Amino acid sequence: MSPASQEETNLLNLFQRVSGIGVVAAKKFVDKGYKSLEDLSNDPNLTHHQCVGLKYVDEFEKEIPRDEMENLLAIVKKTLNEIDSRYNMEACGSFRRGANISGDLDIILTHPDFTEVEEKVVKRHKATTPLLAQAVQALEKYGFLTDFVSTGNVKYMGVCQFPGTDPRSNQPYLHRRIDLRFIPHENYYTGLLAWTGDDELNRIMRSRAKELGYTLNEYGLRRRIKTETEETPGEKIPINSEEDVFKKLGMPYMEPHERNLRGVVKKKYLMYEE
DNA sequence: TTGACGCGCGCATCCGA
DNA sequence: TCGGATGCGCC
DNA sequence: GTCAA
């Protein structure tokens, strides 16, 4: 590769470390002649997301120890329960699968007042559910949320920071990415399953569902209706636990910590090769 | 090593009618 | 001004 | 890029 295009590749990779900058934006910045993140910071036209991404570019690349994840989650639970005890929340992703370190904190939220019907109304009328906004407001007031990336009716993406000094570094705790995702309470278990993952298990379960004439996603498990010409999703199958989903698919239940299939599949493959 | 494959959604922002 | 298209991050 | 063969 020529030195010039090597430099371009390096810059593309550098710019894409910033959250909010993907391939298209990175190319645009290279075309503008930017050579560094400092050049980037002088651009007056960065999106809000990109500004936040740039501000915390180093911190977002640092992994979050499990005990800090637990502390962060505890704050969210405590704060939200104080304003409304009917909030239900669970941290998903690798944390729920038992990982010792995580990249971000992904929390799904339900509330008995937020149903599928309610969600449809919200979307059609572009009204706002106060439930997520209220939760965010409470966490901001606490000083726990420091910046937002995006904030809508059902999904908040932002930045949080545990208060005080991190004994590991003797410095303030790092800024961490946090997502709050509101889902209709009827979809809680399929949502929990989907957002806990991992990707590989999701793929396996979805394709198994397909084989059995179902369709599975974070919104539920449905029977597919086959007609002459087309297939449409049919009635939703009632799900009252994650176990229910495994059961319907004829699979043995897997505890969250048993759902790390990515590494397992790879390991098996490597063993086969040797 | 090779070839098949990877979905869809919420939000911010841009763009053209 | 508004609706659709695009970019992005995410399991 | 990932993953199965």
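Quantities reported herein were computed from a predicted structural model and do not represent experimental measurements.
The salt bridge (Lys or Arg N to Asp or Glu O under 4.0 Å) analysis of residues 72-84 of chain A, with sequence neighbours excluded, yields the pairs A:Lys78-A:Glu82, A:Asp84-A:Arg86. Pairs engaging residues 147-158 of chain A under the salt bridge (Lys or Arg N to Asp or Glu O under 4.0 Å) rule: A:Lys55-A:Asp147 [sequence neighbours left out].
The minimum heavy-atom distance linking A:Glu59 with A:His175 is given by the pair OE1-N, 2.6 Å.
Side chain of A:Val154, nearest nucleotide from B:dT13, C:dC11, B:dG10: B:dG10. For A:Ser150, counting side-chain heavy atoms from C-beta on, the closest listed nucleotide (C:dG7, B:dC11, B:dT13) is B:dC11. Checked against D:dA4, B:dC11, C:dC11, the side chain of A:Asn202 finds its nearest nucleotide in C:dC11. Here B:dC9 is the nucleotide among C:dC8, B:dC9, B:dT13 with the atom lying nearest to any side-chain atom of A:Tyr219. Set against B:dT13, B:dG10, D:dA4, the side chain of A:Glu200 has D:dA4 as its closest nucleotide. With C:dG9, D:dC3, B:dG10 as the candidates, the nucleotide lying closest to the side chain of A:His49 is C:dG9. You'll find that the side chain of A:Thr151 is closest to B:dA12, out of C:dC8, B:dC11, B:dA12. Among the nucleotides D:dC3, B:dG10, B:dT13, the one closest to any side-chain atom of A:His48 is B:dT13. Residue A:Lys155 places its side chain closer to C:dG9 than to any other of C:dG7, C:dG9, C:dC10.
Only the C1' atoms considered, B:dG6 is 15 Å distant from C:dG9, to the nearest whole Å. Annotation: D:dG1 and B:dG8 have their P atoms spaced 24 Å apart (nearest Å).
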Atom pairs and distances, side-chain donor-acceptor, residues 94-102 of chain A, under 3.5 Å, sequence neighbours left out:
{"unit_1": "A:Ser94", "atom_1": "OG", "unit_2": "A:Ser102", "atom_2": "OG", "d": "3.3"}
{"unit_1": "A:Arg96", "atom_1": "NH1", "unit_2": "A:Thr196", "atom_2": "OG1", "d": "2.9"}
{"unit_1": "A:Arg96", "atom_1": "NH1", "unit_2": "A:Glu242", "atom_2": "OE2", "d": "3.0"}
{"unit_1": "A:Arg96", "atom_1": "NH2", "unit_2": "A:Glu242", "atom_2": "OE1", "d": "2.9"}
{"unit_1": "A:Arg97", "atom_1": "NE", "unit_2": "A:Asn260", "atom_2": "OD1", "d": "2.7"}
{"unit_1": "A:Arg97", "atom_1": "NH1", "unit_2": "A:Thr196", "atom_2": "O", "d": "2.6"}

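Regarding A:Ile108, its CD1 atom lies at a distance of 18 Å from the P atom of B:dC9, rounded to whole Å. Atom-to-atom, CZ of A:Arg181 to C1' of B:dC11 comes out at 12 Å; the value is rounded to the nearest Å. Rounding to whole angstrom units, CZ of residue A:Phe60 and P of C:dG9 are separated by 12 Å. Atom CG of A:Asn153 is separated from atom P of B:dA12 by 10 Å (rounded to the nearest Å).
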Check the interface with nucleotides 4-6 of chain B: list each N/O to N/O pair with the protein under 3.5 Å, or write none.
none

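Cluster note: A:Val57 groups with A:Leu11, A:Leu12, A:Leu14, A:Phe15, A:Val18, A:Ile21, A:Phe29, A:Val30, A:Tyr34, A:Leu37, A:Leu40, A:Leu46, A:Leu54 through ILVMFWY side-chain heavy atoms spaced under 4.5 Å, whether in direct contact or through intervening members.
Among the atoms of the strands shown, none is found under 4.0 Å from any heavy atom of A:Asn217. Contacts of A:Arg177 with the nucleic acid, taken as non-hydrogen atoms under 4.0 Å apart, involve only primed sugar atoms and P, OP1 or OP2.
Between A:Asn45 and A:Trp195, the residue anchored closer to the 5' end of DNA chain B is A:Trp195, taking for each the nucleotide with the nearest heavy atom.
Partners of A:Ser85 under the side-chain contact (heavy atoms from CB on, under 4.5 Å) rule, at least two apart in sequence or in another chain, do not exist in this structure.
Judged by Watson-Crick or G-U wobble contacts below 3.5 Å, the nucleotide B:dG6 has no partner.
You'll find the ring centres of A:Phe114 and A:Phe182 inside the 6.0 Å limit.
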